[in-house]
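So the structure is just underneath, and the comments pick up after that.
Any value given below was found using the heavy atoms of this structure, including those in side chains, with hydrogens, waters and symmetry copies removed. Letters A, B, ... are given to chains in the order of the sequence lines, protein chains preceding strands, and every chain is numbered from 1. As the structure is a prediction and not an experimental result, all values here were calculated from the model.
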Number of protein chains: 2
Amino acid sequence: MKSSRESPASGPRQHLLETASRLFYLEGINAVGVDRILQQAGVTRATLYRHFAGKEALVVAYLEREDALIRHHLEAAADRAVSPDHMLELVIEGIAEDAWRHHTRGCPFINATAEFPDPANPVRQVVSRHRVWFRAVLEEYLTAAGREDSAIKADTLVMLRDAVLVGSYLDDSEASRRTFLRTARCAAGLP
Amino acid sequence: MKSSRESPASGPRQHLLETASRLFYLEGINAVGVDRILQQAGVTRATLYRHFAGKEALVVAYLEREDALIRHHLEAAADRAVSPDHMLELVIEGIAEDAWRHHTRGCPFINATAEFPDPANPVRQVVSRHRVWFRAVLEEYLTAAGREDSAIKADTLVMLRDAVLVGSYLDDSEASRRTFLRTARCAAGLP
DNA sequence: CGAGAGAGAAAGAACGATCGTTCTTTTACG
DNA sequence: CGTAAAAGAACGATCGTTCTTTCTCTCTCG
């Protein structure tokens, strides 16, 4: 009894969200209209407005999905890590891998912020929550690994993550990756 | 003989460009239509399309103006510098000051790139040229100051500049500034 | 058991508003 | 008087959203 009323996430809603996410990320949010999303997803307007309140809700869901994916990746790394130091190394390698393989069009959150100037906008609040969470997790890992000034080191790693995502997109991705790995390992107190 | 045909830059064109630049930067490029630019500038459509080929040309002029402003700031710093090391310090302080005081809505080039996915687009080419130039200038200053691995250090400083511009906008600008100054001075081999 | 009423979701036309651009008219100056 | 710039109406296209219609099940009652 997989009622589409009680849990409609698996069906058209999920497909719609994935299609919209791809377009939003690859072409920018304001640049893609609902018509193209609907056309690419193979659904009609009524389907969209049944599962989402509007385009902005779709954008929020897109960023929340990105946030969930990153949290999932981090949890997977935490399971594989054999020590706090190893965890730091896995996080740094994971960021480099993500910038090099998946997020080749920059950071979804930074890009979204470029198009949403109002900090009170729900879209911006998703971005803020994600960044606060990510910084806190980094600080936690640094503290667990016994680092001094873990707050400062976490700030540095957040900045470097922003930098490698932007740099991989705008400049030479290979050089950005190497620069990131070197500086991030240094900032995290890794050999 | 300041003919408005031979050098129309001083008059309505300059005013239009400054108005458009402010709106593009503060609200995003795709988010501001020509109507609002015209309204805020106090001119009509005909004036815009006389001085610019279209909105895209206006965007290109906006970014070229940002590029020119940064080049001007760097030249001013070069005049004040009393030594290569001092020049490096001035550049780093200038970036921090710029992110903290003027560019509080992120980097105009990074933000523009979020909205223009096509690398062949004229807008993107302005961004590329700016970044290549900036990186080369940094490397030149580092070499002049006798630093080893000036290419690597230049890459690092470019990344840190991206990071502080993004971080000042999205996170706590004071913390971003401090983190940038510390890491950038370290990367440049400054005390 | 089968026909029909009814609810729910999808399809697609249509809405006003705004997008960037072009055109015709008016104004101003040499 | 003639030329060029500015004013503003108007263009088709697209924006995000809403509305009416169609379809498809399910449940019910004859």
Do A:Ser173 and A:Ser168 get their side chains close enough for a donor-acceptor pair, meaning under 3.5 Å? no
Spacing of B:Leu38 atom CG relative to C:dT18 atom C1', expressed in whole Å: 14 Å
Rounded to whole Å, NZ of B:Lys55 lies from P of D:dC15 at a distance of 13 Å
Which nucleotide in the list D:dG16, D:dA7, C:dG12 gets nearest to the side chain of A:Thr44? C:dG12
Output the rounded distance in Å from CZ (A:Phe24) to C1' (D:dC15). 13 Å
Can a side chain N or O of B:Arg45 be found less than 4.0 Å away from OP1 or OP2 on D:dA6? no
Expressed in angstrom and rounded to an integer, what is the separation of A:Phe52 atom CZ from C:dA10 atom P? 12 Å
Would A:Arg185 and A:Glu89 pass as an ion pair if we require N to O under 4.0 Å? yes
Roughly how many Å is it from CG in A:Asp35 to P in C:dC15, rounded to a whole number? 16 Å
Among D:dA5, D:dG16, C:dA10, the one nearest any side-chain atom of A:Val34 is D:dG16
Rounded to whole angstroms, how far apart are CG on A:Leu16 and P on C:dA10? 10 Å
Within 45° of the six-membered ring axis of B:Phe109 and under 6.0 Å from that ring's centre, is NZ or CZ of B:Arg131 located there? no
Mapping A:Ala53 and B:Ala46 to their closest nucleotides on DNA chain D, which lands nearer the 5' end? B:Ala46
Listed nucleotide nearest any side-chain atom of A:Pro12, set C:dG20, D:dA7, C:dA10: C:dA10
note: A:Glu115, atom CD; D:dG16, atom P; distance rounded to Å ~ 12 Å
Could you tell me the separation between the CZ atom of B:Arg50 and the C1' atom of D:dG8, rounded to a whole number of Å? 14 Å
Does the separation of the ring centres of B:Tyr25 and B:His103 fall below 6.0 angstrom? yes
